[in-house]
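Below: the structure, in structure tokens.
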Amino acid sequence: MKIAIVCYPTHGGSGVIASELALGLAERGHEIHILSYATPFRLRTFSQNVFIHEVEVASYPLFKYPPYALGLATKLVDIAEEHKLDLIHAHYAVPHAASAFLAKKILRSEKLKIITTLHGTDITLVGADKSFHRVIKFSIEESDGVTAVSRFLQKRTIEEFDIKKEIRVIYNFMDTSRCSENLQECAREKYAPNGEKILMHASNFRPVKRPSDVVRIFAKVQQQIPAKLLLVGEGPERLFVQQLVKELKLSEHVWFLGEQDYIEHLLSCADLFLLPTEQESFGLVALEAHSCGVPVVGAMTGGLPEVVADGETGFLLPVGEISNMAEKSLDLLTNDEKYTAFGKNARARAVKCFDRDLIIPEYEAFYQEVLND
Ligand code: GMT
């Protein structure tokens, strides 16, 4: 198949999934065209069958806001015509699905199909904003196929937008072999020189991720056992979190590592992953942690319970229950037998339910279904 994948290039999960899907499909012989405003970070090295098209938007003094959605639609028209595309796969509804619809209309093509994958904040945060609501509903209804990354997101989309058409759940995935093969060992002694336990959190440090809860949970754990915290990622809350770390006198125990392209290397030295997020349609980082055998303590929210099996691969508690999250973290970190069992369960769950070799064929089959329709 000849497929255009439209995505964001940043470190968020939707860009990672779109890039990994592109690589997986390309390995299976499909021709993949990536459209994004910059090269997605996982696609910076050459890969056979993957072609990158950066979308540029002309600037003009009249434009207060550069019309990216139109630039993207125009580029899609050009690429679809030149490469005789079979389908456009838009990751994240805003504005990608709307631009894909416009491109299809400009081409007046019934043959070119559009698939939209909903990732989470496009529905729960951006989608809930009244200014986008009608466009998102329309883009979903006009797509030839729609997928959501969890059952939670499927249900939430149907309710929020009153959608009557099928939304197929295709879970997020990862290459679980990356945690076991050729993994450059993380220098554990660098972060925890005296054998302290290592807790980790990775996110875009937006308020929805509640990164200050991470620090408060860690503070309680650290009062009971020697421990260090690794914080991965960048975002608007980072300065506030740094301030909190100082106020709680934790500076010598917390490492800020910034954005990382692959966190598997760091996960290999983590004992526990914290994800006390307010909203999470799936929680790709939780899957990455599980894939490396790391249990997760986090919030019982959104699609996270579909990834983390509560009481088997980690513990999920109501949003904001910092003390209980700290207690469950301590329970795992101080009980070797339980910890080992949870770690094994986590790895087994990632391999059995979310490996790329299971999920990418689901996308391929869905594409074929839509093309045959
Ligand atoms: O968390 C974000 O705001 C980024 C967003 C994205 O576009 O990457 O993440 C969403 O999509 C990921 C990939 O499908 C999911 O793993 C995240 O759970 C989801 N984030 C939220 O629902 C908050």
Side-chain angles (χ1 to χ4, degrees), residues 5-22 24 36-38 40-43 89-97 115-129 132 136 146-157 160 167-175 201-211 213-214 232-238 259-261 263 273-291 296 298-308 314 316 319 350 353-354 356 359-360 362-363:
I5 290 186
V6 186
C7 65
Y8 285 110
T10 48
H11 282 75
S14 64
V16 170
I17 289 298
S19 303
E20 294 292 336
L21 179 60
S36 191
Y37 59 75
F41 70 96
R42 293 240 172 139
L43 299 177
H89 187 170
H91 286 262
Y92 210 87
V94 193
H96 302 157
I115 289 179
T116 298
T117 289
L118 307 170
H119 279 276
T121 41
D122 43 357
I123 296 302
T124 55
L125 296 181
V126 184
D129 180 335
F132 289 120
I136 295 177
V146 181
T147 77
V149 299
S150 63
R151 288 201 305 273
F152 157 80
L153 189 61
Q154 175 199 48
K155 185 167 179 283
R156 180 74 187 265
T157 309
E160 178 92 33
I167 297 179
R168 181 78 53 94
V169 175
I170 301 186
Y171 281 122
N172 282 336
F173 62 89
M174 77 168 281
D175 176 359
H201 168 77
S203 74
N204 51 22
F205 282 74
R206 292 202 208 125
V208 68
K209 302 288 177 180
R210 297 177 73 100
D213 282 13
V214 172
V232 181
E234 289 290 346
E237 293 284 285
R238 175 167 165 171
E259 268 178 1
Q260 302 288 329
D261 288 355
I263 62 165
F273 193 89
L274 297 176
L275 197 55
T277 176
E278 181 108 30
Q279 286 259 12
E280 206 66 62
S281 67
F282 182 90
L284 189 60
V285 277
L287 171 58
E288 288 171 326
H290 276 10
S291 180
V296 172
M300 181 65 86
T301 185
L304 211 46
E306 294 170 60
V307 182
V308 177
L316 299 178
V319 174
C353 307
F354 303 108
R356 80 201 285 251
I359 307 291
I360 293 179
E362 283 189 38
Y363 273 113

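First listed ligand is number 1; within each ligand, the first listed atom is number 1. Positions are given from 1, in the same order as the sequence printed here.
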Legend entry - For Gln260, all residues meeting side chain to side chain contact (heavy atoms under 4.5 Å, CB included), sequence neighbours excluded: Val232, Leu257, Ile263, Leu266
Legend entry - Any donor-acceptor N/O pair, Glu306 side chain to Arg151 backbone, under 3.5 Å: yes
Inset, instruction - May I ask you to decide if the ring planes of Phe282 and Phe354 are parallel, tilted or perpendicular, using 30° and 60° as cut-offs? - result: perpendicular
Inset, instruction - Measure from the side-chain N and O atoms of Gln154 to the backbone N and O of Ala148, and report whether any donor-acceptor pair falls under 3.5 Å. - result: no
Inset, instruction - Mind checking side chain to side chain contact (heavy atoms under 4.5 Å, CB included) for Ala286 and listing every partner two or more places apart, or none if nothing turns up? - result: Leu275, Val296, Leu304, Val307, Val308
Report all side-chain donor-acceptor pairs from residues 89-97 shorter than 3.5 Å, counting only partners two or more places apart or in another chain.
unit_1: His89; atom_1: ND1; unit_2: Tyr367; atom_2: OH; d: 2.6
unit_1: His89; atom_1: NE2; unit_2: His91; atom_2: NE2; d: 3.3
unit_1: His89; atom_1: NE2; unit_2: Thr117; atom_2: OG1; d: 2.6
unit_1: His91; atom_1: ND1; unit_2: His119; atom_2: NE2; d: 3.0
unit_1: Tyr92; atom_1: OH; unit_2: Thr121; atom_2: OG1; d: 2.7
unit_1: Tyr92; atom_1: OH; unit_2: Asp122; atom_2: N; d: 3.3
unit_1: His96; atom_1: ND1; unit_2: His91; atom_2: O; d: 2.8

Legend entry - Residues in the immediate environment of ligand 1 (any heavy atom closer than 4.0 angstrom): Gly12, Gly13, Ser14, Tyr92, His119, Gly120, Thr121, Val149, Asn172, Asn204, Arg206, Lys209, Gln279, Glu280, Ser281, Phe282, Gly283, Leu284
